[in-house]
Amino acid sequence: MKISMNEATALNCQAMSIEQDILLAEKYGYDMIEPRTMDRMRDYLAAHSIEELAELFKAHNIAPLAFNTLCFFNNRSPEGWQGIKDELKQMCEWGQKIGCKTVITVPTVDLKKVTRSEIHKSAVACLKEMGKIAADYGMRVSVEFIGHPAASINTFGEAYEIIQAVNLDNVGITLDCFHFHGMDSKIEDLAKADGKKIFIVHLNDTEDFPIGSLLDEDRLWPGTGCINLDEIFQTLKKIGWAQDVVSVELFRPEYYRMNPNDVYRLGKEHAEAVIKKNFA
């Protein structure tokens, strides 16, 4: 199985950039990274071309897994929705240049007095249009539900119902283990899903805080917290998940203060331990 590093894991470590992420990914034996579109990509492209980035990936034999992240796609104003579509098209154009096939998108947070049915209706309509836009570029859209009460889509079950209603081959789900645990998503819902609709898997763990109170800063190295990762991965195997890549994604301030070499080394070691335990 391939291992990817999400650039957020070493986001605020010293002197980090997309160039450094690629070099460290190569040094510690990763196969891929997830480029961050809101900062690392923007910073790089302020001084370089997208063609140069494509060559950088090729030169170090590191592939881009998915663009992270197209933020807050549903229940937007007309102006906000147009901005989402414009940003998606930009990411798709970048993707064609560097060989990145997937855009991760996350739901809107802090909606005030919006019903579940309104959220579902908006998400389905938006994702149908986003899927069609992405298809023109040969790209996929992957919805990452957020395991926090403020998120408009915060459980796997809700996200999967939306994906089923969208019913497009290139629209699927990002299953982040932290978010799966964060709002107590049900393993029974995952067990009933089509594994082919799980496009991206984020590997992480967390401290044992009460459900609904977890924040990104509570994430831990995979296998060092309270999440039942074995149950998640054994279920993914049963439902036909591709089992081809997992991506380490953490946002822990403690890890940001570490040497980035140690972040990449430890991320790989912990990811490999989880993979070895669950996959031949």
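Nothing fancy with the numbering, it's 1 onward along the sequence.
Put simply, the side chain of His148 gets close to the backbone of Ala150: a donor and an acceptor are under 3.5 Å apart. For Asp205 (side chain) and Ile227 (main-chain N/O), a donor-acceptor pair under 3.5 Å exists by modelled atom type. Formation of a donor-acceptor pair under 3.5 Å by the Gln234 side chain with backbone atoms of Asp230 is not found in this model.
Cluster partners of Phe251 are Leu11, Tyr256, counting Ile, Leu, Val, Met, Phe, Trp and Tyr whose side-chain heavy atoms approach within less than 4.5 Å, directly or via other members.
Within the structure, ring-ring contact (aromatic ring centres under 6.0 Å, His included) contacts touching residues 83-135 (residues at least two apart or in different chains) do not occur. For residues 243-255, the set of pairs meeting the salt bridge (Lys or Arg N to Asp or Glu O under 4.0 Å) definition, not counting sequence neighbours, comprises Glu207-Arg252, Arg219-Glu249, Arg252-Glu254. The salt bridge (Lys or Arg N to Asp or Glu O under 4.0 Å) analysis of residues 117-131, with sequence neighbours excluded, yields the pairs Lys85-Glu129.
Using a 4.5 Å cut-off on side-chain heavy atoms (C-beta onward), Asn228 and Ile187 make no contact. Contact of the Ile18 side chain with the Met41 side chain is registered, since non-hydrogen atoms from C-beta on lie closer than 4.5 Å. Between Phe180 and Leu190, some side-chain heavy-atom pair lies under the 4.5 Å cut-off. Under the 4.5 Å side-chain criterion, counting only non-hydrogen atoms from C-beta, Met183 is in contact with Pro149. By the 4.5 Å heavy-atom criterion applied to side chains, His179 and Leu214 are not counted as neighbours. Considering only heavy atoms from C-beta on, Asn261 comes within 4.5 Å of Lys27 through its side chain. When side chains are defined from C-beta on, Asn154 does not count as touching Ile146, because their heavy atoms never get closer than 4.5 Å. Side-chain contact check for Val274 versus His270: every heavy-atom pair is 4.5 Å or farther apart.
Residues Val143 and Trp81 share a single hydrophobic cluster, defined by chaining ILVMFWY side chains whose heavy atoms lie under 4.5 Å apart. Hydrophobic clustering (ILVMFWY, side-chain heavy atoms < 4.5 Å, transitive): Met5 and Val201 are in one cluster. Criterion: ILVMFWY side-chain heavy atoms under 4.5 Å apart, direct or through other members. Under it, Phe73 and Leu168 are part of a common hydrophobic cluster. Linking Ile, Leu, Val, Met, Phe, Trp and Tyr residues whenever their side-chain heavy atoms come within less than 4.5 Å leaves Met130 and Phe72 in two separate clusters. By the rule that hydrophobic residues join a cluster once side-chain heavy atoms approach within less than 4.5 Å of another member, Val124 and Leu111 end up as members of one cluster.
A donor atom on one side chain and an acceptor atom on the other are found under 3.5 Å apart for Asn74 and Ser152. A donor-acceptor contact closer than 3.5 angstrom is absent between the side chains of Asn61 and Glu26. Looking at Gln82 and Asp86, their side chains do bring a donor and an acceptor atom within 3.5 Å of each other.
Residues satisfying the side chain to side chain donor-acceptor pair (under 3.5 Å) test with Glu93, not counting sequence neighbours, are none. Applying the side chain to side chain contact (heavy atoms under 4.5 Å, CB included) test to Met38 and every residue at least two apart in sequence or in another chain returns Arg36, Thr69, Cys71. Residues satisfying the ring pair (Phe, Tyr, Trp, His ring centres under 6.0 Å) test with Phe279, not counting sequence neighbours, are Phe233. Lys197 meets the side chain to side chain contact (heavy atoms under 4.5 Å, CB included) test with Tyr160, Ile163, Asp194; sequence neighbours excluded. Residues forming a ring pair (Phe, Tyr, Trp, His ring centres under 6.0 Å) with Tyr44 (at least two apart in sequence, or on another chain): His48. Lys132 pairs by the side chain to side chain contact (heavy atoms under 4.5 Å, CB included) definition with nothing, not counting sequence neighbours. Not counting sequence neighbours, the partners of Cys100 by the side chain to side chain contact (heavy atoms under 4.5 Å, CB included) test are Pro64, Phe67, Ile98.
Ring orientation note: the planes of Tyr30 and Tyr264 are nearly perpendicular, at an angle over 60° on the 30°/60° scale.
In this structure, Asp262 pairs ionically with Arg265, as a charged nitrogen and a carboxylate oxygen lie closer than 4.0 Å. Under the 4.0 Å criterion applied to side-chain N and carboxylate O atoms, Glu272 and Lys268 are assigned as salt-bridge partners.
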Report all side-chain donor-acceptor pairs from residues 135-142 shorter than 3.5 Å, counting only partners two or more places apart or in another chain.
from   : atom 1 : to     : atom 2 : distance (Å)
Arg140 : NE     : Thr102 : OG1    : 3.1
Arg140 : NH2    : Thr102 : OG1    : 3.1
Ser142 : OG     : Ile173 : O      : 3.3
Ser142 : OG     : Thr174 : N      : 3.1
Ser142 : OG     : Thr174 : OG1    : 2.6

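Other residues, nucleotides and ligands contribute at most 12 non-hydrogen atoms within 6.0 Å of the NZ atom of Lys2.
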